[in-house]
Amino acid sequence: MKKLESREDIEHLVNSFYAKVVKDETIGFFFNDIAKVNWDKHLPKMYSFWESILFGQMSYKGNPMGVHFPINEIRAMEQKHFDRWLGLWKTTVEENFVGENADMAIYKSENIAKLMAFKMELARRL
C-alpha cells in the first residue's frame, strides 16, 4: 500500500469514502435525503478540508460545524451516526494507505467525530 502524500491521494481517499457513505443505511440518508448533497460542489470542499488538515495547505474555506447544525435540526445527528462515519472513514483509510499521514487522518477524524457529536447533542438541548 502507498503513503498518503498528495492532493491526488486525498481525492482518492475522499471519493472512496463517500462511495461507501452514500450507500450506507446508517448515515447515507443524511447526505442523500436531508442535505441532498451536490457532490460536484461537496467533494472539492472535502478535498480541501483534508488537504488543510493533513498537509497544512489551508485551501479549505468554510465552517464545517455551521453546515451541520441545520441538518441536526431536521434529524438528530447522534453518537451512533458519528461512530458509523468514523468507522467508514477508518476502514477506507486503512484499505488504501499506510504511514504517518494515514495515521493522522484517522487520529484527526476521531477528534472531529467526538467534537461534532458533542456539539450536535448540545445544540439539540438548547
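This structure is a prediction, so every number in the text was calculated from the model and none was measured. Both backbone and side-chain heavy atoms feed into the values below; hydrogens, waters and symmetry mates do not.
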### Query
What about Y47 and Y60, are their ring centers closer than 6.0 Å?
no
If only atom types and distance count, is the side chain of [X] paired as donor or acceptor with the main-chain N or O of [Y] below 3.5 Å?
X	Y	value
R124	M77	yes
N96	L13	no
H68	P64	yes
K36	D33	yes

Show the nearest heavy-atom pair for residues [X] and [Y], with the distance to one decimal.
X	Y	value
D40	N38	N-OD1, 3.0 Å
K41	P44	O-CD, 3.4 Å
D9	F97	O-CZ, 3.5 Å
I71	A35	CD1-CB, 3.9 Å
F69	K119	CE2-O, 3.8 Å
R75	F30	O-CE2, 3.7 Å

### Task
Check side-chain hydrogen bond (donor to acceptor under 3.5 Å, both in side chains) between S59 and all other residues, then give those that pass, not counting sequence neighbours.
E51
When you group the ILVMFWY residues by side-chain heavy-atom contacts below 4.5 Å and let the links chain together, are [Y] and [X] in the same group?
X	Y	result
L86	F29	yes
Y107	V98	no
M46	V22	yes
I112	M58	no

### Message
Quick check: do K90 and E110 have side-chain heavy atoms less than 4.5 Å from each other?
### Response
yes
Could you measure the distance from the [atom1] atom of [X] to the [atom2] atom of [Y]? Nearest 0.5 Å is fine.
X	Y	atom1	atom2	result
H12	K2	NE2	NZ	9.0 Å
M116	S109	CE	OG	12.5 Å
N101	F55	CG	CZ	5.0 Å

### Query
Do you know which of L88, V37, N32, T26 makes side-chain contact (heavy atoms from CB on, under 4.5 Å) with V21?
L88
So, [X] and [Y], do they make that salt bridge, N to O below 4.0 Å?
X	Y	answer
K3	E5	no
E11	R7	yes
E95	K20	yes
E121	R125	yes

Can you confirm whether more than 12 heavy atoms, excluding those of [X], are under 6.0 Å from its [atom1] atom?
X	atom1	result
F118	CZ	no
E100	CD	no
M1	CE	yes

### Task
Show your working on side chain to side chain contact (heavy atoms under 4.5 Å, CB included) between I53 and M104 and close with a plain yes or no.
CA-CA 9 Å; I53 287 178; M104 186 59 68; 5.7 Å; no
### Message
Students often mix this up, so state it plainly: with edges at 30° and 60°, are the rings of W89 and W85 parallel, tilted or perpendicular?
### Response
parallel
### Task
Could you check F82 against I27 for side chain to side chain contact (heavy atoms under 4.5 Å, CB included), going step by step and ending with a plain yes or no?
CA-CA 9 Å; F82 290 101; I27 62 172; over 6 Å; no
